[in-house]
Each structure stands twice: as C-alpha cells, then as structure tokens.
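See below for the structure under consideration.
Chain identifiers are assigned alphabetically (A, B, ...) following the order of the sequence lines, protein sequences preceding nucleic acid strands; residue numbering begins at 1 within each chain.
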Number of protein chains: 2
Amino acid sequence: MEKEIAIASLAALAQETRLDAFRLLVQAGPTGLAAGEIATALQTPAATLSFHLKELKSAGVVSCVRRGRSLIYHAHYEQMQALVDYLTEHCCRGAVTH
Amino acid sequence: MEKEIAIASLAALAQETRLDAFRLLVQAGPTGLAAGEIATALQTPAATLSFHLKELKSAGVVSCVRRGRSLIYHAHYEQMQALVDYLTEHCCRGAVTH
DNA sequence: TCCATAATTCTATAATAATGGAAATATCAA
DNA sequence: TTGATATTTCCATTATTATAGAATTATGGA
C-alpha cells in the first residue's frame, strides 16, 4: 500500500461518525446498508452523513451500488486489511505485545 | 482499546509529517531520536515539528525523556499494536485477503 | 555568571474539515 | 405525469488543524 493511500485511509477512519458508519458496514457484511439506514442508526442528518460517506468512498474504504431508490454501501475489507498490513509493516517493527 | 483512543491514534498518524516522524522513531527503536534529529531528517521547522510531536504524544503513540539539552522521543509499540488489534477486531471482520 | 544550544510555547495566519438546511437529482409506483 | 421517497449536491457557517517566525524556557559548559 502507498503511503498516500494509507494516510487517506487513516484520515477517513479518524472521525467518530465515519468510524461508526464503517463499523456498521463491517457488521452488515456482504448485505451492506443503505445510506438512510446508516443515517437512522447514527441519528445523523442525511446531508451530514452523505458528506462522510463521500469521504469514506474517496478514501477507498467503502463503495456503493444503487438498488432501486437506495444506495447500498459496503465496507472494503481488502483495503482495511492492506492498511493493517501497512501499519504492522511500517509502524510496529519491534512490537513485543504477545 | 477504547474507541476514543483509537480515533486519536488514527488522527495522529493521518498526517504526512507525523507519519514520517513516527516511522523514523519506529526505525530508530529503543535508542529513540532527539526532536532536532527528526526536524533535520524531515526538513521541517522546529516549531512545526514540535507541534506535531505534541500531537503524537497527546495521542499516546510516542513519549519522550530529556537527556541533557535534548528531548529523546520513542515510539510506543504497545499502543500501535493495540490499534492494529482494534482495527482487525472491529473493522476487518470477514476479511478474505490471504 | 554568561553564552550557546535544544526545544517548547506564543501568536497570528492560512488552510482544511464538519455541520446541516434547502434545493436538486434519481427512482419507482399509481 | 404526478407524487412520494432516497440520497446527493449546494451553500454558508463554524470549528479545527497546520504553519512558522519570534519570544521563552531549560540545560550544560567555560
């Protein structure tokens, strides 16, 4: 993973509403969640949530597909795994936790 | 790891100068690096770097001790490992990368 | 004590990010 | 084709973060 992408991914998740939204999507799995379902679950105005979903999407940690009137969002597990690998590789050298 | 601490750690690393500084500290290992050595390596003005080191410190991903006139900074591997564990636990469920 | 060095804090400025109402766009159903 | 629903984009406002020169604090040596 490129450093720039790692920074963008870290920034995407370093905000409460976005981390909460992302965690909901991880829980939801392959089914995904509609933007409105996330907004309701997080009690966040649609416009605000839409802004955060756009951030997550442009960082590449989520994607969405239209289904009828809804846009269904999904977590990108591969990119998250790549981020974890990046951190382990570049930021954890010498860790002695377990 | 608490969500708040995870967010603070992610935010600390989601900035180029700070990620670069942190990676230098990881490379340096137990020896650590003086603030001035990091500033020189990154070609960043002392005041700017000091601001970023304070951010890293308040997020708990680095610490420092005085040695003579210098402040020697060290990476906190345990907290980084805890962050990686947090992400794996909460944000990677279902990952199928390898 | 006085000077040089190392780093931080102070301060102002510029840049970026977050918030949410209102308007616009897309889709479906009757 | 009209109306209801889902969501985004537009926009203005507020809040937070980053930058770096100048002043300040801390330390060690002559």
Side-chain angles (χ1 to χ4, degrees), chain A residues 3-25 28 31-76, chain B residues 3-25 28 31-76:
Chain A
K3 188 174 77 172
E4 273 191 22
I5 295 177
I7 289 174
S9 304
L10 290 165
L13 298 173
Q15 204 278 347
E16 185 162 32
T17 303
R18 288 196 295 263
L19 183 58
D20 288 345
F22 187 78
R23 290 178 57 180
L24 282 179
L25 291 174
T31 310
L33 286 173
E37 293 178 303
I38 304 173
T40 300
L42 301 183
Q43 301 197 88
T44 303
T48 301
L49 189 83
S50 189
F51 164 80
H52 288 303
L53 288 174
K54 190 172 65 177
E55 296 285 299
L56 290 169
K57 199 164 48 162
S58 85
V61 297
V62 308
S63 59
C64 69
V65 292
R66 183 171 281 279
R67 201 177 60 200
R69 271 171 283 201
S70 297
L71 285 169
I72 310 294
Y73 282 83
H74 295 93
H76 265 198
Chain B
K3 187 174 78 172
E4 273 191 22
I5 296 177
I7 289 173
S9 304
L10 290 165
L13 299 173
Q15 203 277 347
E16 184 162 31
T17 303
R18 288 197 295 264
L19 183 58
D20 288 346
F22 187 78
R23 289 178 58 179
L24 282 179
L25 291 174
T31 311
L33 286 174
E37 293 177 304
I38 303 172
T40 300
L42 301 183
Q43 301 197 90
T44 304
T48 300
L49 188 83
S50 190
F51 163 81
H52 288 303
L53 288 174
K54 191 171 65 176
E55 296 285 299
L56 289 169
K57 198 163 50 160
S58 87
V61 298
V62 308
S63 59
C64 69
V65 292
R66 183 171 282 280
R67 202 177 59 201
R69 270 173 283 203
S70 298
L71 287 169
I72 309 295
Y73 282 82
H74 296 93
H76 265 199

### Task
Can you sort out which residues in residues 13-24 of chain A have a heavy atom within less than 4.0 Å of DNA chain D? Ascending by number, please.
none
### Query
Reckon B/Ser70 has a side-chain N or O less than 4.0 Å from the OP1 or OP2 of C/dA7?
yes
### Message
On the nucleotide C/dT19, are OP1 or OP2 found under 4.0 Å from the side-chain N or O atoms that A/His52 carries?
### Response
yes
Could I get a table of every N or O pair under 3.5 Å where one atom is in the protein and the other is in nucleotides 8-12 of chain C?
{"residue": "C/dT8", "atom": "OP1", "partner": "B/Tyr73", "partner atom": "OH", "Å": "2.3"}
{"residue": "C/dT8", "atom": "OP2", "partner": "B/Ser50", "partner atom": "OG", "Å": "2.9"}
{"residue": "C/dT8", "atom": "O5'", "partner": "B/Ser50", "partner atom": "OG", "Å": "3.1"}

### Summary
Footprint ends on DNA chain D, 5' to 3', for atoms under 4.0 angstrom from a heavy atom of chain B, come out as D/dA18 to D/dG28
### B/Ala12: partners by side-chain contact (heavy atoms from CB on, under 4.5 Å), with sequence neighbours left out
B/Leu56, B/Ala59, B/Val61
### Least distance between heavy atoms, A/Thr17 atom then A/Leu42 atom
O-CD1, 3.8 Å
### Message
Suppose the criterion is side-chain hydrogen bond (donor to acceptor under 3.5 Å, both in side chains): which pairs have a residue in residues 4-16 of chain A, not counting sequence neighbours?
### Response
A/Ser9-A/Gln79, A/Glu16-B/Lys3
### Message
Considering every strand and a 4.0 Å limit on heavy-atom distances, what is the contact class for B/Ala34: base, sugar-phosphate, or nothing?
### Response
sugar-phosphate
### Query
What's the shortest heavy-atom distance between A/Cys64 and A/Leu71, and which atoms?
SG-CD2, 4.4 Å
### Task
Please name all residues satisfying side-chain contact (heavy atoms from CB on, under 4.5 Å) with A/Ala28, sequence neighbours left out, ordered by chain then number.
A/Leu33
### Message
I need the B/Thr31 OG1 to B/Ile72 CD1 distance, nearest 0.5 Å.
### Response
9.5 Å
#### Entry: Closest non-hydrogen atom pair, A/His74 against A/Val65
CE1-CG2, 4.0 Å
### Query
Quantified as the angle between the terminal helix axes (five pairs each), what is the overall bend of the helix from C/dT1-D/dA30 to C/dA30-D/dT1 to 10 degrees?
20°
#### Entry: B/Leu13 side, atom CG; B/Asp20 side, atom CG - distance, nearest 0.5 Å
11.0 Å
### Pairs touching residues 58-68 of chain A that satisfy side-chain hydrogen bond (donor to acceptor under 3.5 Å, both in side chains), sequence neighbours left out
A/Ser63-A/His76
### Task
Just jot down the side-chain contact (heavy atoms from CB on, under 4.5 Å) partners of B/Ala35, sequence neighbours excluded, or say none.
B/Leu53, B/Tyr73
### Query
With sequence neighbours left out, which residue pairs that include part of residues 32-52 of chain A fulfil the side-chain hydrogen bond (donor to acceptor under 3.5 Å, both in side chains) condition?
A/Arg18-A/His52
### Query
Among all residues two or more places apart in sequence or in another chain, which pass the side-chain contact (heavy atoms from CB on, under 4.5 Å) test with A/Ala14?
B/Leu10, B/Ala11
All N/O contacts under 3.5 Å from nucleotides 25-30 of chain C to the protein, with atom names and distances to one decimal?
none

